[in-house]
Amino acid sequence: LPYYVLALAIGYVLGSIPFGLLVTKIAGLGDIRQIGSGNIGTTNVLRTGRKSLAAITLLGDALKGTVAVLLTGFYLGPEAAILAGLGAFIGHLFPIWLKFKGGKGVATYIGILLALSWPIGIAFCVIWLLVAFITKYSSLSALVASLLTPFMLAVFDQWQLAEVMGLLSILLWVKHHENISRLLKGTEGKIGSKG
Ligand code: G3P
């Protein structure tokens, strides 16, 4: 098996573990896809009012990206690490277990970015927190931070990472199309509200 197929596959399998769906189901809250925005991510788990479950979702969805990158990087090298990151992101967005209807990718994006370039990963988090503090929109915060990430990587001459994260940003934006139209109409729910 060529190493790049293996790296993509390892990433995909790890990335497709839907932490938000699992922890809410285990906690007896039913199907998170029937609640709020219907998304399986941290923001929507927060709408159940269970902050600890939201925290576990954030950690799990981020760490699966981090683990995919670091694990394959250690055994198969830096090229494989990037492919595993791509695989993990695609696994989260399009998991086979959920008929390819997965999450919007924000936590997993952060986990992958922290593993590939931790200073830019921290910069992403700072931008996210700033926009969230000012606007209280989770989706807008992720849209802004993911838009700026490839440019920040390019400024530090990390061109290959800029291209890969740029591709992930495009996928993240596509997955947020409903949020984008709600933001434009002014009907997007704010963090913590039931929206
Ligand atoms: O983490 C995804 C976030 O950007 C939007 O989530 O549930 O408000 O659609 P949601």
Side-chain angles (χ1 to χ4, degrees), residues 14-25 27 29-66 68 85 88-95 98-114 120-150 165-195:
L14 282 169
S16 66
I17 305 169
F19 280 94
L21 185 75
L22 294 175
V23 297
T24 47
K25 201 158 263 183
L29 296 176
D31 193 332
I32 187 69
R33 291 168 296 182
Q34 309 292 330
I35 297 168
S37 69
N39 194 39
I40 60 169
T42 300
T43 306
N44 203 36
V45 173
L46 201 57
R47 293 193 181 102
T48 66
R50 300 280 291 269
K51 289 195 174 119
S52 56
L53 295 182
I56 298 169
T57 303
L58 178 60
L59 262 180
D61 282 346
L63 278 179
K64 68 191 185 186
T66 311
F89 198 69
I90 292 171
H92 180 77
L93 264 50
F94 312 105
L98 305 183
K99 299 195 181 93
F100 302 103
K101 213 186 159 316
K104 299 184 183 176
V106 181
T108 308
Y109 188 107
I110 293 170
I112 293 163
L113 184 57
L114 280 169
I120 305 298
I122 290 174
F124 180 107
C125 296
V126 170
I127 295 166
W128 192 99
L129 288 169
L130 272 176
V131 180
F133 182 76
I134 298 166
T135 69
K136 306 280 185 281
Y137 291 124
S138 175
S139 56
L140 183 65
S141 308
L143 290 165
V144 173
S146 66
L147 179 69
L148 295 177
T149 295
M165 295 314 294
L167 175 63
L168 267 52
S169 297
I170 291 170
L171 291 170
L172 187 149
W173 273 65
V174 170
K175 270 282 181 169
H176 278 79
H177 69 272
E178 286 167 346
N179 301 87
I180 293 169
S181 55
R182 281 197 295 266
L183 283 165
L184 293 172
K185 280 187 276 184
T187 57
E188 176 74 324
K190 301 207 168 182
I191 293 170
S193 76
K194 295 287 159 204

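This one's a predicted model, so the numbers in the text were calculated from it and none came from an experiment. Quick note: numbers below take in every heavy atom, side chains included, and nothing from hydrogens, waters or symmetry partners. Atoms within a ligand are numbered from 1 in the order they appear, just like the ligands themselves.
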Side chain to side chain, F89 and L167, heavy atoms closer than 4.5 Å: no
Sub-4.0 Å heavy-atom environment of ligand 1, residues by chain: S37, N39, T43, N44, R47, K104, V106, S138, S139, H176, N179
Polar side-chain atom of T48 near backbone of V45 as donor-acceptor pair, under 3.5 Å: yes
Heavy-atom side-chain contact between I122 and L114 under 4.5 Å: yes
Identified side-chain contact (heavy atoms from CB on, under 4.5 Å) counterpart of I127 within the set L147, V144, T149: V144
Donor-acceptor pairs under 3.5 angstrom involving side-chain atoms of residues 51-63: please list them, not counting sequence neighbours.
unit_1	atom_1	unit_2	atom_2	d
T57	OG1	L53	O	2.8
D61	OD1	K64	NZ	3.2

H92 versus K104, closest heavy-atom pair with distance: NE2-N, 4.0 Å
